[in-house]
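Each remark here refers to the structure printed beneath this line.
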Amino acid sequence: MIKKLLASVREYKLASFLAPSFVVGEVIVEVIVPILMANLIDFGITQTNMPYIYRTGALIIVLCLLSLALGALAGKYAAKAAAGFAKNLRQDMYYAVQKYSFSNIDRFSTSSLVTRLTTDVSNVQNAYMMIVRTAFRSPAMIVFSMVMAFRINAKVALVFIAMIPILAIGFLLIFSKAHPTFRKVFKTYDKLNNIVGENLHGIRVVKSFVREEHEDQKFKDVSGQIYDLFIRAEKLVIMNMPLMQAVIYASMLLMSWISARFIVTSHNDPAIGMTTGQFTSMFTYLMQMMMNLMMLSMIFMMIVISRSSVERIVEVLSEVPDLKNQDDPVMEVKDGSVKFEGVSFSYNGSDKYCLSDVDLEIKSGETIGVIGGTGSSKSTIVQLIPRLYDATKGRVLVGGVDVRSYDIETLRNEVAMVLQKNVLFSGTIKENLRWGDANATDEDIKRVCRLAQADSFIEKFPDKYDTYIEQGGTNVSGGQKQRLCIARALLKKPKILILDDSTSAVDTKTDSLIRKAFAEEIPDTTKFIIAQRISSVQDADRIIVLDGGKVNAYGTHDELLKSNAIYREVYTSQMKGGDDDE
């Protein structure tokens, strides 16, 4: 797990090495100062030796300035290493998500991925900064201070040794209890982000149904859960402070008592006694050790908090995309012919198939309608063509080649999809359309907009094709959004075009004009039109009727009217509705 995480350090390895190196230098300088202070007291002040006081005082000032410089450099490189590590980590996670198939994405909620990319990475960044700086400083300070203390008086220094096991056991007990609670905290953060995302995305629905109070209560409940969990965890973690203080005060009392006896003894036998300067330096070393033990406890706390974040981040980085290229993939799609051979499909390896035993053969350039009730797997069947999912059984062929043999990018560049949920991104109309072809000229853009019947409304905007589209396309109507998405797909010049109920928000006349433009302008492109309206597919070369995940019928409009009860029932009900309207 740690190895997977540290792979994101990369170009910041040098900064990660320099930070602790400067820290160790800073520590060495700091542990020399108390000895010099002891000598200043014993050989300078006590003996009124002014030259010695000046020399030693000047050396202490130089060492303090050196320590300050080393500390500043350590801080600089620690910040650079941590910030760079976090940047790479976010980048690696984001790139990993981009490679996921739909089935991989289905395993993570959107809110969970957002939390992992933000809150979890920030926790790991803070922990990493503490590790490359404080986690080196504190142990180094404790070790060097201990060595110097033993050099002054081994018996007094044993007080420090006796206290370390007490602290270690206390810390382990506290943090082992706190870790599970922090895991729950970050899972609850996912729920909070999900509520916020849903609320903002559906704010118009919330307001139209006057459900603000309901949404406020949902947010309050989850926010309260986070509060309760944090309080529970912090109650455990905060115990390290009184434990540390108790150990520090006990050590100070013991050391003072023992040192006082040695100072008294020194008047009778200087060889086994302790001077006032030595006592001062011992006290300084004690405080250095205890303060750094406290810092270590803070590091442990950060590690406990970040451990849950690390696990969640590594889950994203370790997720293996279900779809990947085979060795030596096919790099060219010959034509837009599509063939389904005994295709069955289930989501996430479930035993329940949503598509069963599909056998179809579609010639290049044909227009294929897809009709079926809700849940009949209309969207699923077309998502197998660009290999958004892989068939569980059987195989799908495009251009006579199994889609699993193609380079994924090559295949998807030849298949354009206008999904049921149309998405536009923040930016101008031109910028949105150029998702289909980044190098498209203005004339190319206008041509596809005319085909998609979008040119007429675009020209009415004050800024025309430079009109800014708000996030999610909130400043255009549903029908306008659908036509822009169709134009974007056409700009790819695909061999296969899939319209997944993507003209549901346009009127029947506009729908007819779009289909007519397709027939005249892109006759060689294979077109799949999923629709609820019979009028949208009745002119198709052939129509697939899906029922319960199976192909119930396959034929022309006239053939299906004569032979298929489901199609005839839908047609009759829609035509009757049209008569009533009239």
Side-chain angles (χ1 to χ4, degrees), residues 18-78 133-134 136-161 163-164 247-249 251-296:
L18 288 175
S21 300
F22 285 124
V23 162
V24 172
E26 180 189 13
V27 167
I28 292 171
V29 172
E30 286 188 16
V31 296
I32 293 172
V33 171
I35 287 292
L36 293 176
M37 290 294 293
N39 292 338
L40 186 67
I41 293 170
D42 292 338
F43 305 116
I45 297 173
T46 303
Q47 299 178 16
T48 321
N49 186 343
M50 293 308 294
Y52 187 85
I53 291 172
Y54 290 140
R55 287 197 307 273
T56 307
L59 181 57
I60 290 172
I61 291 172
V62 170
L63 290 176
C64 287
L65 292 173
L66 179 60
S67 174
L68 180 65
L70 291 170
L73 287 170
K76 172 188 172 182
Y77 284 106
R133 189 176 185 187
T134 312
F136 278 88
R137 175 185 172 80
S138 295
M141 182 64 80
I142 291 167
V143 170
F144 286 133
S145 295
M146 188 72 73
V147 169
M148 300 303 286
F150 268 92
R151 284 190 61 191
I152 294 170
N153 193 305
K155 292 181 180 179
V156 175
L158 287 173
V159 172
F160 308 148
I161 299 293
M163 294 300 171
I164 290 175
V247 169
I248 289 175
Y249 294 143
S251 300
M252 289 170 64
L253 288 171
L254 275 171
M255 198 198 78
S256 298
W257 181 67
I258 295 169
S259 298
R261 297 187 63 183
F262 278 116
I263 290 171
V264 171
T265 305
S266 68
H267 294 297
N268 301 321
D269 189 354
I272 62 171
M274 179 184 265
T275 65
T276 304
Q278 288 175 329
F279 171 72
T280 303
S281 61
M282 284 292 284
F283 215 89
T284 303
Y285 288 132
L286 168 70
M287 294 307 297
Q288 284 180 341
M289 279 187 280
M290 292 305 167
M291 286 297 102
N292 281 280
L293 279 171
M294 187 177 289
M295 289 304 299
L296 274 180

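All values reported here derive from a predicted model rather than from experimental measurement. Below, each value reflects all heavy atoms present in this structure, side chains not excepted, and no hydrogens, waters or symmetry copies.
Ala74 and Val23 make their closest contact through CB-CG2, 3.5 Å (heavy atoms, listed as atom of the first residue, atom of the second, distance). Among all heavy-atom pairs drawn from Glu26 and Leu70, the shortest one is N-CD1, 3.6 Å. For the residue pair Ala78 and Ala19, the shortest heavy atom distance occurs at N-CB, 3.6 Å.
In this structure, Arg133 contributes its side chain and Gly71 its backbone to a donor-acceptor pair below 3.5 Å.
Within the 4.5 Å cutoff, the side chain of Ile60 has heavy atoms near those of the Cys64 side chain.
Once rounded to the nearest 0.5 Å, the distance linking CD1 of Ile35 with OG1 of Thr284 reads 9.5 Å. To the nearest 0.5 Å, the span separating OG on Ser138 from CD1 on Ile142 amounts to 6.0 Å. A distance of 10.5 Å separates CG of Leu66 from CG of Leu59, quoted to the nearest 0.5 Å. Distance check: Ile61 CD1 to Leu36 CG gives 12.0 Å after rounding to the nearest 0.5 Å.
Around the CE atom of Met37, the shell of radius 6.0 Å holds no more than 12 heavy atoms that belong to other residues, nucleotides or ligands.
The side chain to side chain donor-acceptor pair (under 3.5 Å) contacts involving residues 60-71 comprise Glu30-Ser67, where partners must be two or more places apart or lie in separate chains. Each ring pair (Phe, Tyr, Trp, His ring centres under 6.0 Å) pair with one or both residues in residues 36-56, not counting sequence neighbours, would appear here, but there are none.
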(request) Please assess Asn49 against Ile53 for the test side-chain contact (heavy atoms from CB on, under 4.5 Å), listing each intermediate value before the final yes or no. (result) CA-CA 6 Å; Asn49 186 343; Ile53 291 172; 5.5 Å; no
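Leu253 pairs by the side-chain contact (heavy atoms from CB on, under 4.5 Å) definition with nothing, not counting sequence neighbours.
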